[in-house]
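In what follows, a structure is listed as structure tokens, so that the remarks can point back to it.
Below, read A as the first sequence line, B as the second, and so on, with proteins coming before strands; counting in each chain starts at 1.
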Amino acid sequence: MATNETLATDYRSTVNLLKSEFPMRGDLPKKEPARVAWWREQRVYEKRLAANAGNPQWILHDGPPYANGNMHMGHFVNRVLKDAFVKVHLLDGFDARFVPGWDMHGLPIEFETLKHLGLDFHKIDPIELRAKCRERAIHWLGIQRDTILRMGVLGDYEHPYRTIDTEFEATIVETLADLAEAGQMYKGLRATLWCTHDETALAEAEIEYKDKVSPSIYVRFTATDEQRADLFTRFGLAEVADARVAVVIWTTTPWTLPANVAIAVKPDAPYAMQHVSYDDGASEYVIAAEALVDDVVARIASTAAAAGRTISSQRTGHAILGSALVGASVRHPFLDRDSLLVGADYVELETGTGAVHTAPGHGVDDFETGMRFGLPVLNPVDGSGHFVAEATPYAGLEIFAANERIIADLAACGALVQEHAYTHSYPHCWRCKNPVIFRSTAQWFIAMDVNRLRKRIEAQVPDVGWYPTWGENRMLQMIENHPEWCVSRQRTWGTPIPAVICRGCNETVLDAGVARKVATVFRERGLPDANASDLWWTEPIETFLPAGFACASCGGTAFDKEKNIVDIWFESGVTHRAVLRQRGMHWPADLYLEGSDQYRGWFRSNLITAVATLGSPPYKNVVSTGWVVDANGRAMHKSTGNYIGADDGMQQYGADVLRLWVASVEFTADMRLGDELLKSIGAVYRNLRNRFKMLLDLTVDLTVEELVPRERLEPIDRLALARLDEVARDVVAAYTSYRLHDVYLALVDFDTSDLSSFYIEMLKDPVYSGERDGARRRSAQSAAFVIFESLCALFAPILSFTTEEAWQCVPESLRAGRASVFDLALPHGSARGTAESGEIELWNVLKRLRTNVAASDGERDFALAAKVYASEALATRLGTLGDGVREALVVSALTMHVDATANDLEPRVELSAAPGAKCPRCRKTLPLSGDAVHPTLCGSCATIVHALHTASDDVKRVEPTVP
RNA sequence: GGGCCAUUAGCUCAGUUGGUUAGAGCGCAUGCUUGAUAAGCAUGAGGUCCCUGGUUCGAACCCAGGAUGGCCCA
């Protein structure tokens, strides 16, 4: 005899509890690589691009990562954000081709290659080194490309652009030709950041600051008798004969003192002369900024005390302005020359003495001050950081090693006021990590103020869309503060600056005609697997000279090649020409997207070369991202152990969880990343994954023939789709304005508050218990499928792996030829105006009513009957939904009552136990059917079960039993 | 040291032109469910809106100063 339990179990087999193939667990690290391979085999990207052919282009131009080293989570963020925006536009039908690129020349690779192969830069043949560097760069490109593809991105990764390609090198040289022709380039002497280890000039972007301990010294520059008289006069004082008078300077680079030619003072700051008396009767006068003179005296006292002496001091006369000191001079402490007092606004009064040691050969400010006052540019240091012969008595010494000697000599001659070790932030070479120096060398420059270039750029910055909006101001500052752009490098791995030196007059010239000829030679003779620019090294100069080329100065026709290469920031600065223009993509690009460091880097270099040679910015929109920091908000470093590599991250969590994390954070600011955080994102991922699973399970037996068109759906299902439309519009708007985090918020909110806790809750009864082919069930399933399909498309740019996996579980007929999730169309949810807003209003009314039911004490849901009290207008509107209102509330019975006092949008609900008995099949509490065969079932279930028996003998017969 | 940016619940984030009791997801606790079950639903606890001062009838929001962190520079 059957019990109640077996009875229920038996009816269970008549319920539509169907399962799709989609597993609850993601197993992402294990399964994702196969999906990557599948996308490539199926040529999903190429097919979608072909399907979109002829439609408007949308171009995200890829900023090239440097082909050196493994990728970190910052790279992950960069690639995934780009991928998401490219995919949105692909799904939306745009010709959104994406050509990734790599930055492959430059010192870091040259250095890494030398180190990797154990080679000596000074001994290896340049052509051989260049071949090795090429191999090495291609090696890294391969490693990085594998990591990037593992992230699940789409793009033309079989044909990336590379700065080592012949076409790219030709474009670099051609751009130099354009700049030379426009008069934008010049060669000049310049205090340049110089790495003595790598023996090259460095760009600002190749510098990193870190702490360094330097000798901090205060030095007397003592006046001669004549100079003393002048100084006393300037202070309006009578000369004190035979007194020692000195201007005291402060420096942390004693080795630059041999190049000292001046002392800079702040023209509008007061300067004081202080009389210092020693206990042994000696005395001196020291001059420094009034704000700092007491500090100088304290240092004198400190040094005196160390020697067992004491001092006293008092102010002499009144302070005078720095401008009154300009033109005076004092003697260099150990060389036989004067040091001139000059004025400079940059002199600061917070530290030091207010009297700044000035060596035009060893500092940018110093150089400019030197130019203004006509000072000689002394440069007694060679490329390897040793003093040259002119720098007697220190010739041959390495500069940092010479510090000690110089300090000792200063002490010996009484010029040293004080010395102590000083830790400060100091520029270091980004590659070899050694401290760099300023040294004046002859370099090629792009002139920022010729042809009003700076002004022209500034005028066009506001025409670009900057996200976040402060980017505009940031870029304006970058342009305003951009120094003359030094584009030459004295290294081997790069594209040559094709300048020639006239043998007749030794004049160096960068000629547009020569440069264009060089580009032509590259294109004609460059081999696919070799460096086209090797030709500059291997071919005779005549190969590159246009017919009849002669020196403009002396008419000479014999030339030598100059052996400078171009700054790699200039190379990546012309990607907009080399890639967009060469590959049939429109110019300017729609979007550049990089880390916020690129305002100074790639955003700026592209902007400059574009405005200088093509007249306008290379991009319509620029998006910048923040930095990935650790769970505590600290910068990630391999050395501090909080570093997460991209490969490791994907191996541990799966790419899709990390992709979801990217969407879950506000990427324009710093992004925190840590285990706890990723576990939390993992939970969100599982939620979303379950929603895809549930929607698939609910629709697994739906076929395209049974798919109910939207206009014939049940009213309650149309309401759900109205809400979907609203979400789709919000999401698409967020995507197209690059607000990925808003996409995430909108989709998660819809998933949680509309689907999981509301719509899916109400769909379970009609889908599980309803007549399998009945109109109600098919309508519910059709709406669920539309939601599923839309969610796949809306989520595909973020959860690429998961949406594809889910899409592959859709029955063939419903996929309708859309083999991949990336064949779907982005749903725009076209608005239907007031009709829709009415529907959404009604949807929200139902959600609030359902909340009342779900939160009720004691009995809930199908154990309940509901009485809804609504205004007459609202009752009428709810009436149009028929049984949908009861379904939405997930109750067994519902009656509608007019309450004239009720607000139009705030109906009241009254709950009570539903009359009848719990139907063991549908679990609703309803009157018994009174059916002879199935007396415990409700009427609807009895009918359904009877129909099943009639339809199929396979269905197990359920015998009536007496409890 | 300077410019820019950020700071709201344990975590990630919302927070409309200044306006009642500052919200959501995750996590946590409790209950329900066992026909989404390595799931689902509900309820609840949890906040010095970085600090200080100012403007205002009223400040998470506006102003000034500061702290911490980040990027770019010096």
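Note on ring orientation: taking the six-membered ring where Trp is involved, the planes of Tyr218(A) and His420(A) are parallel (angle under 30°, cut-offs 30° and 60°). Using cut-offs of 30° and 60° on the angle between ring planes, the pair His741(A) and Tyr744(A) is parallel.
Taking atom CG of Asp701(A) as the reference point, atom P of G35(B) lies 19 Å away to the nearest angstrom. Spacing between atom CE of Met762(A) and atom C1' of G40(B) amounts to 16 Å, rounded to whole angstrom units. Across the protein-nucleic acid pair, Asn690(A) atom CG and C26(B) atom P stand 12 Å apart, rounded to whole Å. Atom CG of Leu763(A) and atom C1' of A36(B) are 12 Å apart (whole Å). The distance from atom CD of Glu761(A) to atom C1' of U33(B) is 10 Å, rounded to the nearest whole Å. Separating the CG atom of Leu688(A) from the P atom of G40(B) is a distance of 10 Å, rounded to the nearest angstrom. At whole-Å resolution of the value, CD1 in Ile479(A) and P in C73(B) are 14 Å apart. Whole-Å rounding puts the His637(A) NE2 to G70(B) P distance at 8 Å.
Here CG of Asn844(A) is found 7.0 Å from CZ of Arg723(A). Values are rounded to the nearest 0.5 Å.
Seen from the ring of Trp194(A), Arg439(A) counts as a face-on cation partner, given the 6.0 Å and 45° thresholds. Remark: Lys693(A) fails to qualify as a cation-pi partner of Phe22(A) under the 6.0 Å distance and 45° angle criteria applied to the six-membered ring.
Nucleotide A39(B): unpaired (no Watson-Crick or G-U wobble partner with both distances less than 3.5 Å). Of all nucleotides present, none satisfies the Watson-Crick or G-U wobble test against U17(B) with each distance under 3.5 Å. Nucleotide U34(B) is matched to nothing when pairs are restricted to Watson-Crick or G-U wobble geometry with both distances under 3.5 angstrom. Pairing partner, U56(B): none, since no Watson-Crick or wobble contact has both distances short of 3.5 Å. A67(B): Watson-Crick or G-U partner is U7(B), with both key distances under 3.5 Å. As the counterpart of G1(B), C73(B) is assigned, both hydrogen-bonding distances of the Watson-Crick or G-U wobble pattern falling under 3.5 Å. Nucleotide A22(B) forms a pair with no other nucleotide shown, judged by Watson-Crick or G-U wobble geometry with both contacts under 3.5 Å.
Base engagement by Ile760(A) is indicated by at least one non-hydrogen atom pair under 4.0 Å involving a base atom. As judged by a 4.0 angstrom heavy-atom cut-off over every strand, Leu17(A) is placed among the base-contacting residues. Heavy atoms of Met24(A) sit under 4.0 angstrom from primed sugar atoms or phosphate atoms, though from no base atom. Using a 4.0 Å heavy-atom distance criterion, Arg921(A) is classed as a base contact.
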Going through the checks in order, is the side-chain contact (heavy atoms from CB on, under 4.5 Å) test met by Trp661(A) and Val628(A)? CA-CA 11 Å; Trp661(A) 164 72; Val628(A) 179; 4.0 Å; yes
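Between Lys924(A) and Asp861(A), no side-chain nitrogen of the basic residue sits less than 4.0 Å from a carboxylate oxygen of the acidic one, so the salt-bridge criterion is not met. By the 4.0 Å N-to-carboxylate-O rule, Arg923(A) lies too far from Asp765(A) to be salt-bridged with it. The pair Arg777(A)-Asp701(A) counts as a salt bridge, with a side-chain nitrogen and a carboxylate oxygen less than 4.0 angstrom apart.
Just one of Thr802(A), Asn690(A), Asp656(A) meets the side chain to side chain donor-acceptor pair (under 3.5 Å) condition when paired with Tyr685(A); it is Thr802(A).
Looking at residues 741-749 of chain A, you'll see His741(A), Leu745(A) sit with a heavy atom under 4.0 Å from some atom of RNA chain B.
When the P atom is compared between G47(B) and C73(B), the two are found 42 Å apart, to the nearest whole Å. Separation of the P atoms belonging to U20(B) and A60(B) is 10 Å when rounded to the nearest angstrom. Comparing the C1' positions of G18(B) and U56(B) gives a spacing of 9 Å, expressed to the nearest Å. Taking atom C1' in both G23(B) and U33(B), one finds a spacing of 28 Å when rounded to whole Å. Taking atom P on both G40(B) and G27(B), the two are 9 Å apart, rounded to the nearest angstrom. Between the C1' atoms of A29(B) and A9(B), the separation comes to 15 Å (whole Å). U34(B) sits 10 Å from A39(B) when the C1' atoms are compared, rounded to a whole Å. For the P atoms, the distance from A74(B) to U7(B) is 28 Å, rounded to whole Å.
For Val665(A), whose side chain is taken as the heavy atoms from C-beta onward, the closest listed nucleotide among A36(B), G70(B), U12(B) is U12(B). Closest approach to the Arg634(A) side chain among U37(B), C72(B), G69(B) is made by G69(B) (side chain taken as heavy atoms from C-beta onward). In the set C41(B), G35(B), C72(B), the nucleotide with an atom closest to the side chain of Arg12(A) is G35(B). Of the candidate nucleotides C4(B), C26(B), C72(B), C72(B) has the atom lying nearest to any side-chain atom of Arg600(A). Which of A39(B), C71(B), C11(B) sits closest to the side chain of Ser596(A) comes down to C71(B). Nearest nucleotide to the Arg691(A) side chain, out of G70(B), U43(B), G40(B): G40(B). Side-chain proximity of Lys19(A) to the nucleotides G25(B), A14(B), A36(B) is greatest for A36(B). When the nucleotides C41(B), G3(B), A14(B) are ranked by their closest atom to the side chain of Gln477(A), G3(B) comes out on top. In this structure, the nucleotide among C4(B), C41(B), G70(B) sitting nearest to the side chain of Asp670(A) is G70(B). Checking G70(B), G35(B), C41(B) against every side-chain atom of Ser756(A), the shortest atom distance belongs to C41(B).
Arg886(A) contributes a side-chain N or O that, together with a main-chain N or O of Val891(A), makes up a donor-acceptor pair within less than 3.5 Å.
The shortest distance between the side-chain N/O atoms of Arg923(A) and the OP1/OP2 oxygens of G35(B) is below 4.0 Å. Distances shown here put a side-chain N or O of Asn687(A) below 4.0 Å from the OP1 or OP2 atom of C26(B). Using a 4.0 Å cut-off, no side-chain N or O of Lys679(A) falls inside it from OP1 or OP2 of C26(B).
Comparing Val629(A) and Ala855(A) by the nucleotide of RNA chain B that holds the closest heavy atom to each, the one mapping nearer the 5' end is Ala855(A). Sequence order on RNA chain B of the closest nucleotides to Asn632(A) and Ser769(A) puts Ser769(A) first from the 5' end.
No hydrogens or angles were tested; on distance alone, a donor-acceptor pair under 3.5 Å links the side chain of Arg474(A) to the base of C71(B).
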